[in-house]
Enquirer: 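Below is one structure. I have some questions about it.
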Amino acid sequence: GRTLASLGPDRVLERGFAIVRDLDGRVLTRAAEARREPGLELEFADGRVVTRGAGPVSRKRSTEPGPDQGSLL
């Protein structure tokens, strides 16, 4: 019984995962689905957050050190 309980959605959320839904409450399981939505609802262990769609986000990292970080070389 404890093993089965550990696999429930509430326990999964406690481990740092989130459930992603469209604004109609339908669970999304693919990034392509989420990209098409004007907004999303994210459910975490401690509550829900509604977001607006903003299109794809670039994950390009800057090669310049930040203002509080000096060069290591």
Side-chain angles (χ1 to χ4, degrees):
R2 288 175 30 199
T3 301
L4 184 58
S6 73
L7 300 175
D10 294 335
R11 300 302 293 215
V12 173
L13 295 176
E14 288 173 5
R15 292 195 296 268
F17 291 90
I19 297 173
V20 180
R21 294 182 178 90
D22 65 13
L23 296 178
D24 293 325
R26 186 175 67 96
V27 174
L28 305 179
T29 60
R30 303 275 185 249
E33 293 174 314
R35 285 186 196 103
R36 291 190 296 261
E37 295 299 323
L40 300 171
E41 180 183 88
L42 310 175
E43 181 179 352
F44 298 93
D46 63 345
R48 295 180 180 197
V49 175
V50 176
T51 67
R52 300 185 282 230
V57 176
S58 172
R59 295 205 178 264
K60 183 178 177 182
R61 291 184 177 207
S62 171
T63 58
E64 296 295 319
D68 296 335
Q69 179 180 5
S71 174
L72 297 175
L73 302 176

Enquirer: Within the 4.5 Å heavy-atom criterion, are R36 and R30 side-chain neighbours or not?
Expert: no
Enquirer: Grab the two heavy atoms, one from L28 and one from E37, that are nearest each other, plus how far apart they are.
Expert: CD1-CG, 3.9 Å
Enquirer: Can you spot which of T51, L23, V49 makes a side-chain contact (heavy atoms from CB on, under 4.5 Å) with L40?
Expert: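 Testing each of T51, L23, V49 against L40, the sole residue satisfying side-chain contact (heavy atoms from CB on, under 4.5 Å) is T51.
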Enquirer: Cluster question for you: counting only ILVMFWY and a side-chain heavy-atom cut-off of under 4.5 Å, with indirect links fine, are V27 and L42 together?
Expert: no
Enquirer: Nearest 0.5 angstrom please: R26 CZ to E33 CD, how far?
Expert: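 The CZ atom of R26 sits 5.0 Å away from the CD atom of E33.
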Enquirer: Measure from the side-chain N and O atoms of D22 to the backbone N and O of D24, and report whether any donor-acceptor pair falls under 3.5 Å.
Expert: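 The answer is yes, because a donor-acceptor pair under 3.5 Å joins these two groups.
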Enquirer: Sequence neighbours left out, cut at 3.5 Å: what donor-acceptor pairs do the side chains of residues 7-14 make with other protein atoms?
Expert:
none

